[in-house]
Structures are given as C-alpha cells and as structure tokens.
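Note: hydrogens, waters and symmetry copies are ignored here, and every other heavy atom, side chains too, is used. Order of listing sets the numbers, starting from 1, for every ligand and every atom in it.
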Amino acid sequence: MALHTMTMAELTAGLESGAFTSVDVTRSLLDRIASHDAKLNALITVTGDAALAAAAKADGDRAASNAGVLNGLPIIHKDIFCTRGVKTSCGSKMLDNFVSPYDATVVERLSAAGAVVLGKANMDEFAMGSSNETSFYGPVHNPWDLDCSPGGSSGGSAASVAARFAPAATATDTGGSIRQPAALTNTVGIKPTYGRVSRYGMIAFASSLDQAGTITRTADDAARVLGVMAGFDERDSTSVDVPVPDYLGEIGDSIKGLRVGVVRQHFDEGLDADCAVTVKEAIAVLESLGATTVEVDLPNIDLSVPTYYVVAPAECSSNLSRFDGVRFGHRAENADDLFDLYCRSRGEGFGDEVKRRIMTGAYVLSAGYYDAYYLKAQQVRQLIADDFRKAFADVDVIAGPTTPTPAFKLGDKVDDPITMYLNDIYTIGANLAGLPAISVPCGFVSDLPIGLHLVASHFAESTLLRCAHQYQQQTDWHTACAEGFA
Ligand code: GLN
C-alpha cells in the first residue's frame, strides 16, 4: 500500500510497527505535492525543510518511547492559522508579506502531539467565498474535475486531502467553509460546536460564527485530530470549558435507536433532483443500521442566508479594520497623508469580495440602518437557533444534503454573488445556531462527489463522528479517488 493512500489510522499502525518512519512518509508526501500541486494550486506555502526536521524529531521521540498521539503524522494547515516563522497570508495580498511571530492554539496543540506540518493551504481571501476564486493566489482546482471548483473557503485543505497530499488538513467554517468543500471533494469535514476549538491565532472573519475543524477522508481520522485540537483555551474568551470526550473511543458504538430528523424544507425546489435521491439513499443506510427517521420542521431556515449576509459582513467590517497598512500587512507607497495611507493600503490590499463585505457590513451597522438590518438579523438568528432547539427535543441528529448541487465550474458563479451565496443554504444554519455539523461522502452525481450533512446539538460531536463512522463502515464512497490522484 502506497504511503500517500493511507489514513492516519493506517499510518499510525505502520509507524508503531516500524514498517516505515515519519521521515519516509513526509518525504513521499512532499514528493507528491511537488509533482501534483501544479494542477491544483492547493498550497500557498510548502514547508519542506521544517517538515523533514519535525519528522526526524517525531521518529526520535518514538524511538525514545515518547510518542504523542499524532506522532509523525502529516498535516496541512489552512493559511488562516498563524504559524510561527511561516508566511500566514489568509489568501490575501494584504498579508502576503506577513510572517506570524506566534502559533495559533490549534497549530501549537497539533505540533505538540507530534503532527508534521507539510505546508499552508490556499483559501478564499479572509475565508470569504464558496469557490476558492477570491484567493489572491488564484483558484484551487477540484481533483475530481480540474475545470471545477473544490468549493470554499477551505478549498485548498479539501483538495489537498482529496488528492492524497496529506491524510488531514485543518480548516475553518463561518457559514459552511469546511463542509461544502468536503462534500465537493469526497472528503469528511467537521465543524465543531462554537467554542469547542480555540480561535486564538485564527485570523478572524466573523467572530460569532467562525469555528475551526478538520478535513480528512474518514470520520475515524477526524476523531483523532479533533480530539487534540478541541478543549478550553484561556487565550480565547469564547472557548468553552467543558471536558472533551474520547471521540475515538466512542466512535465504534452502534447507532441503533438514534433518532434522525429529516428537514422538510431541505428537500424542496433548490435541491438538484439526483442529489435528493442520493442523500435519501444515504439516510436509508442509517435506517438499516438501526436509526429511526422522523420529519422535522425548521420554519425559519429559509431566512438563514439573508441573516448570515447581514451578521457576517457586519462582524467582518469590524474585524478587518485592523488591516490599515500601519502595524502590519500591505502598505501603499508614497501616501500623501495618514488618511491617504489607510485608503490606498486597504484599496490595494483587499480584493473585490472582501471590499463588498466590508461595505455591506459598514452599511448595516450605520446609525440609520442598524435597527432595520443588523438588529433584525440578530432577532431572526435567535428564531433559527430556537427552531433547532425545538427540533433537538425530538431527534439526535438532523440529516440532509450538504450542498444543493455537486461541484460547479470555475468561473460559473464568480460574477453573481447571490447565486454563489446560495451554495451555503444547508450549512449556514448550524453556524448561526453554534451547532456542530459534519459532511460525509455519500455518492456521486454526474461523476462528481456529494455529501450527507449531519447536525447535532451543542457539544455532541461524538454523535456526529459515530454516525459518520458507522455510515463509512457500511459504504465505500470515501475510498474512491479522483483519476490521476490515486
Ligand atoms: N461561503 C460563505 C461565505 O462566503 C462561508 C464562508 C466560510 O464559512 N468561511 O461567507
């Protein structure tokens, strides 16, 4: 079995038995990235020398019986996570020259557990996008069809895992950016509960929605990585101090008796007919494993996209005000005065989508419009969260499609922001309500992968991982690999 095809579980077994070393694995994956990434543009930075040094250290630690739980396992970080001494661009010209002086908590914890960082993944600029086309570094191509988008904003993370550059990548999700690209690339993406994983050192887009998670090929690997990333961090005031369960230990438990809610509103016009059939077949597999299904109502869910596109831009306009060309980031040359420096640095450093969001956000927060838009959106957000709370009185998970269609062609939606925004119609609700959610490969439509989306109540990541794992034991969609990347 070639090293690049192995999951973290398989690599761990091989490292433990001495069949190969972390240096062998790291070398093989770096070679693979060198020979294949020109087709995908999935990585912004490859940290080859540092990766080989970390792998050698991991091998030494193992020999000294001092191996962490992720000892010697390769990982790729979305370029939104600060990495000490390494460029951290967030997909933007604004941060093209930014070398972080510190590690994000997520990065620190994974490295402390022995993971080996291969590089930093391409992404939509400041995580704003659904196609990876807003990146300053150019779009990422989907390994399943190079003319298609891998989704976004974590498109580089998803394409890397789908192309077998690494068994796992970190990612972030503000409105669907982990789950949508996972669905479009035949990978598993989990967004944990808001507050479960520290946001310290994760460049902020919309602080009340942003959450870090993982992209892997199996739920089992997701459990391994999430178990290390999750947990209280005093450096993030929104991090929640509740114990992290043994995700991996619980993953094998049966889902017999699990109550699965199927949202009535998720199977109407917006959904591609073939996707609907495929997702219903996936839900039938859960039933065959002993789950029971009931129809549930989320009466306000249709308002989630418009609500999100008020709340997220409002928070983004505030978060991105720090990029002013003074303290760090892009600085315009030959400014006339301070105001001119701000205007030109921001005008040159940000791309169109980011500017659109900042302007929308400033507008909805402005004195005359605050009540009509921002306050109203916060009220609707509460209604959506209440709908979920009521639904979870009767069910353990809510199942449906992750996306309305399979991957779309690069260029197809880039000039039409509203159509682009509608891509996240099934995923945004979980962010507005702070709920954990996962996408798991569930079949192919027009030869392109799609995902089954599962949402659970707060801090019930274990239920999602268990459900996804049991589904993967029963199906082999996730083992399929894009042609040219096997
Ligand atoms: N596609 C959504 C947006 O453009 C979500 C992005 C995300 O989750 N980071 O805002």
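Asp424 OD2, 2.5 Å is the protein heavy atom nearest to atom 1 (N) of ligand 1. Atom 4 (O) of ligand 1 has as its closest protein heavy atom Arg357 NH2, 2.7 Å.
Both the backbone and the side chain of Thr174 come within contact range of ligand 1, each with a heavy atom under 4.0 Å.
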### Task
Give the intermediate values and the outcome of side-chain contact (heavy atoms from CB on, under 4.5 Å) for residues Ile301 and Asp387.
CA-CA 8 Å; Ile301 199 71; Asp387 285 352; 5.8 Å; no
### Task
Assess whether side chain to side chain donor-acceptor pair (under 3.5 Å) is satisfied between Asp79 and Ser89, documenting all intermediate values.
CA-CA 6 Å; Asp79 210 17; Ser89 74; 2.7 Å; yes
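Those atoms of ligand 1 that come under 4.0 Å of a heavy atom in Tyr308, given as number and element, are 2 (C), 3 (C), 5 (C), 6 (C), 10 (O). Applying the 4.0 Å criterion to heavy atoms of Phe205 picks out, from ligand 1, the atoms 9 (N), 10 (O). Here is the list of ligand 1 atoms found below 4.0 Å of a heavy atom in Ala127: 6 (C), 7 (C), 9 (N). Near Ser153, meaning under 4.0 Å from one of its heavy atoms, ligand 1 places the atoms 9 (N). If you number the atoms of ligand 1 from 1 as listed, the ones under 4.0 Å from a heavy atom of Asp173 come out as 8 (O).
The existence of a salt bridge linking Arg389 and Asp386 is confirmed by a sub-4.0 Å separation between a basic side-chain nitrogen and an acidic carboxylate oxygen. Look at Asp221 and Arg217 and you find no salt bridge, because none of the NZ, NE, NH1 or NH2 atoms lies under 4.0 Å from a carboxylate O.
Heavy atoms of Gly176 approach ligand 1 to within less than 4.0 angstrom.
Between Trp144 and Phe444, a ring centre-to-centre spacing shorter than 6.0 Å is recorded.
With Tyr309, Phe126, Tyr421 as candidates, the residue nearest to atom 3 (C) of ligand 1 on a non-hydrogen basis is Tyr309.
When atom types are taken as modelled, the side chain of Glu315 and the backbone of Ser208 share a donor-acceptor pair closer than 3.5 angstrom.
A 6.0 Å sphere centred on CG of Asp297 holds more than 12 heavy atoms belonging to other residues, nucleotides or ligands.
Residue-to-ligand polar distances place Ser177 within reach of ligand 1: an N/O pair is separated by less than 3.5 Å. The shortest N or O to N or O distance between Met128 and ligand 1 is not below 3.5 Å.
Judged by the 6.0 Å and 45° rule, Arg235 forms a cation-pi pair with Tyr200.
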